[in-house]
Trainee: 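Supplied in structure tokens, the structure appears directly below.
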Amino acid sequence: MTMKSVFKGKQFYKGNMHAHSTVSDGELTPDESVEEYKKRGYQFLMFTEHEIYSNYSRFNSADFITIQGYEARVKLPPGDIRDYHFIIMPGSDEAMKKAKKPMFSHGQNLGIPYCSGYEDLQRDIDDKLDRGYMVMINHPFWSRVEYDEILPLKGLFAVEVYNFSSQIVENMGESNVTWDALLRNGYRLWGTAVDDNHNRSAIDANICDSFGGFVCVKADSLTERDICNAIAEGSFYASMGPEIYEFSLDGDRVHFECSPAAMVYLNGHVRQIKHAVAEVGEPLITQFDAKLTGDEQYIRMECYDRNGKKAYTNPIFIK
Ligand SMILES: [Zn+2]
Ligand SMILES: [Zn+2]
């Protein structure tokens, strides 16, 4: 077996894949949002307004781009407490080539379709796939959607493992248990961290819902095509703060590199009990190596910094 890294491409680009502005129920204008994210070193931003499609090429420059898309909701029968939300974003070149229907246009209102069950949900997902988009399921914990209520849906490419706004406002932001349950059941999904910012509090407030969940995408260049191709391939990591530089598999040897971490864990479909912990007085961890047993179906890693902030790799699928 040759060396298999989750990362491809030349360089990491930091971005927020889930943002609301005054165009839907956010408080910053699109211009203000771009300014605040640029100021903090972000290289891309996806405006994902409720139902309203955004395509802001006017913000694009050599060091910052926006990515088109929107956040789709569905209306469920009365009494159903679940809230299925999806990010709709451009797919890979290959997905674009296969598209049978046109993409949406800037400002288009897609409405909230009524869904009586999985068949309706699947029809809505398929409609987006037919247009060359890829579809991510958002914030399962906040949505009160269980893993086996996602499992019947085909064609999703990712799940929001960390939704910063859901976390800081309602303590319902982390969905890594749902992610692992889906992976264990054979659903190959990438994991993202996003802000889902609405900015109802001041930008410098402790409860500000910006700048707490992001992805770093390793791509060849900062263009919408290269970023979306890299995201489709899983060439990125999700984070609340820590950085990840490498996650690779060479035969049965796992190799991982990150910014100084207090704890590093290897996860899979069964218990791994493979970790590294920096004890008091010991240097923090920047590298981790382990040998697999050979029974693994997939592996992924999480690291924690001193403040308990985490970063997650995408899985490497072995079987
Ligand atoms: Zn949502
Ligand atoms: Zn949202």
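Since the structure is predicted, the reported quantities are computational estimates derived from the model, not experimental observations. Whatever order the structure lists ligands and atoms in, that order sets their numbers, starting from 1.
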Trainee: Ring of Tyr133, cation from Lys128 - is the NZ or CZ under 6.0 Å from the centre and inside 45° of the axis?
Mentor: no

Trainee: So what does the Glu71 OE1 - the Zn ion (ligand 2) - Asp196 OD1 angle come to, to 10°?
Mentor: 170°

Trainee: Nearest to the Zn ion (ligand 1), which N, O or S atom of His85 do we find?
Mentor: ND1

Trainee: At less than 2.8 Å, would any N/O/S atom of His20, backbone or side chain, sit next to the Zn ion (ligand 2)?
Mentor: yes

Trainee: Using a strict 4.0 Å threshold on nitrogen-to-oxygen distance, state whether Asp63 and Lys38 make a salt bridge.
Mentor: no

Trainee: So does His50 have any N/O/S atom less than 2.8 Å away from the Zn ion (ligand 1)?
Mentor: no

Trainee: State, to 0.1 Å, how close Ile52 and Asn109 come at their nearest heavy-atom pair, and which atoms those are.
Mentor: CD1-ND2, 3.7 Å

Trainee: Would you call Asp289 and Arg253 a salt bridge, using N to O less than 4.0 angstrom?
Mentor: no

Trainee: Under 2.8 Å from the Zn ion (ligand 2) - does any N, O or S atom of His18 fall there?
Mentor: yes

Trainee: Determine, step by step, whether Tyr187 and Tyr147 satisfy the ring pair (Phe, Tyr, Trp, His ring centres under 6.0 Å) criterion, reporting the C-alpha distance in whole Å, the side-chain angles of both residues, the deciding distance to 0.1 Å, and the verdict.
Mentor: CA-CA 10 Å; Tyr187 206 148; Tyr147 86 91; over 10 Å; no

